[in-house]
Amino acid sequence: MPTIPSIRTSVENKSVLILDEHAKNGTFRRDARGRLIAYTGGFSVVFPYEASDGTKWAFRCWHSDINNTQRRYELISEAIQKAHLAFLCDFDYIEKGINVEGTIYPTTRMRWIEGVTIKEYICKYRQSASTGNQKIS
């Protein structure tokens, strides 16, 4: 599996190394110092970007192997596309999404949803006896 720095290098060179045309044509978000914004988790790294039509998206790449990743995300993508449910965001599994150090890896792309993270919510309301009734602003 690729390392996070290797994935970041591929995203920095998106015109050549990102194979997902939607993401390739987008503008990846950067911090005040011009560095790519990336969110890492246990298995993947996510880069937020804006598509040419102004919509916000998340470009996700795996840096750790989890069993049956490809099949699992193909099925999730198919189910979400078929469901047409308003509370689910657009989600696509891209089998050939990125080239990292000469190897092609899958990626996912999904609509970026603005909101409060679970960590932010817990930190804000951890002292409250009844957090279930709190309104998130």
Side-chain angles (χ1 to χ4, degrees):
M1 293 303 298
T3 64
I4 294 172
S6 296
I7 294 168
R8 183 181 292 274
T9 298
S10 291
V11 174
E12 286 282 5
N13 296 284
K14 68 177 186 155
S15 63
V16 176
L17 299 175
I18 290 182
L19 307 176
D20 172 6
E21 289 296 322
H22 190 271
K24 178 188 286 198
N25 294 322
T27 302
F28 284 82
R29 288 183 34 201
R30 295 181 178 273
D31 64 17
R33 296 174 65 191
R35 296 176 298 193
L36 282 172
I37 293 175
Y39 300 96
T40 58
F43 302 108
S44 64
V45 58
V46 175
F47 299 91
Y49 72 96
E50 189 171 309
S52 57
D53 65 1
T55 56
K56 294 179 182 177
W57 292 82
F59 181 70
R60 180 181 184 191
C61 307
W62 286 275
H63 59 79
S64 296
D65 190 24
I66 53 177
N67 295 334
N68 301 316
T69 302
Q70 180 175 346
R71 186 68 184 137
R72 199 176 305 169
Y73 282 94
E74 284 174 334
L75 291 171
I76 292 168
S77 178
E78 289 171 14
I80 288 174
Q81 289 173 12
K82 287 178 185 174
H84 300 291
L85 299 172
F87 58 85
L88 294 176
C89 64
D90 294 337
F91 174 93
D92 292 301
Y93 175 84
I94 313 299
E95 186 175 348
K96 296 179 181 180
I98 192 167
N99 180 335
V100 180
E101 297 180 340
T103 302
I104 308 300
Y105 293 98
T107 60
T108 59
R109 162 185 6 114
M110 66 189 313
R111 283 292 185 109
W112 187 265
I113 306 299
E114 296 293 341
V116 176
T117 67
I118 188 72
K119 181 180 177 181
E120 292 167 336
Y121 182 86
I122 290 169
C123 289
K124 186 172 182 177
Y125 296 109
R126 70 176 176 255
Q127 301 300 325
S128 174
S130 175
T131 59
N133 295 324
Q134 299 296 326
K135 184 176 179 180
I136 300 174
S137 53

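Nothing here was measured: the structure is a model prediction, and the numbers come from that model.
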| query | Could you go step by step and tell me if Ile104 and Leu19 meet the side chain to side chain contact (heavy atoms under 4.5 Å, CB included) rule? | reply | CA-CA 9 Å; Ile104 308 300; Leu19 307 176; 3.4 Å; yes

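- Cluster membership check: Ile37 shares its hydrophobic cluster with Val46, using side-chain heavy-atom separations under 4.5 Å among Ile, Leu, Val, Met, Phe, Trp and Tyr.
- Between the CZ atom of Arg30 and the CZ atom of Phe47 there is a distance of 10.0 Å, given to the nearest 0.5 Å.
- As a member of the Ile/Leu/Val/Met/Phe/Trp/Tyr network built from side-chain separations under 4.5 Å, Ile94 groups with nothing else and remains a singleton.
- Considering only heavy atoms from C-beta on, Asp92 stays 4.5 Å or farther from Thr108 through its side chain.
- The heavy-atom pair separating Val11 from Leu36 by the smallest distance is CG1-CD1, 3.6 Å.
- Here the side chain of Ser10 pairs a donor or acceptor atom with the backbone of Asn99 at under 3.5 angstrom.
- A donor-acceptor distance shorter than 3.5 angstrom exists from the side chain of Lys14 to the backbone of Lys24, with no hydrogens or angles considered.
- One distance of note links CG of Asp20 with CD of Glu95; it measures 12.5 Å at 0.5 Å rounding.
- Ring to ring, Tyr105 and His63 are not that close: their centroids are 6.0 angstrom or more apart.
- Between Ser44 and Arg60, the side chains place a donor N or O and an acceptor N or O closer than 3.5 Å (distance only, hydrogens not considered).
- Hydrophobic clustering (side-chain heavy atoms under 4.5 Å, transitive across Ile, Leu, Val, Met, Phe, Trp, Tyr) groups Ile76 together with Tyr93.
- A donor-acceptor contact under 3.5 angstrom links the side chains of Thr3 and Ser6, judged on distance only.
- Heavy atoms only, all atoms of each residue included: Thr9 and Asn13 are closest at O-ND2, 2.7 Å.
- Taking the six-membered ring where tryptophan is involved, the planes of Phe28 and Phe59 are perpendicular, since the angle between them exceeds 60° and thus also 30°.
- Under the rule for a salt bridge (charged side-chain N to carboxylate O under 4.0 Å, His left out), the partners of Lys56 that lie at least two apart in sequence or sit in another chain are Glu114.
- Residues passing the salt bridge (charged side-chain N to carboxylate O under 4.0 Å, His left out) test with Arg111, sequence neighbours excluded: Asp90.
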| said: Please determine whether side chain to side chain contact (heavy atoms under 4.5 Å, CB included) holds for the pair Trp57 and Glu50, giving the CA-CA distance in whole Å, both sets of side-chain angles, and the decisive distance to 0.1 Å. | reply: CA-CA 6 Å; Trp57 292 82; Glu50 189 171 309; over 6 Å; no

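- For Arg109 (side chain) and Phe91 (main-chain N/O), no donor-acceptor pair under 3.5 Å exists by modelled atom type.
- Between Ile7 and Trp62 the shortest heavy-atom distance is CD1-O, 3.7 Å.
- Taking the centre of each ring, Trp112 and Tyr39 come in below the 6.0 Å mark.
- In summary, Glu12 and Arg35 do not engage in a salt bridge, as defined by a charged side-chain N under 4.0 Å from a carboxylate O.
- With a 4.5 Å cut-off on side-chain heavy atoms, Tyr49 and His22 count as touching.
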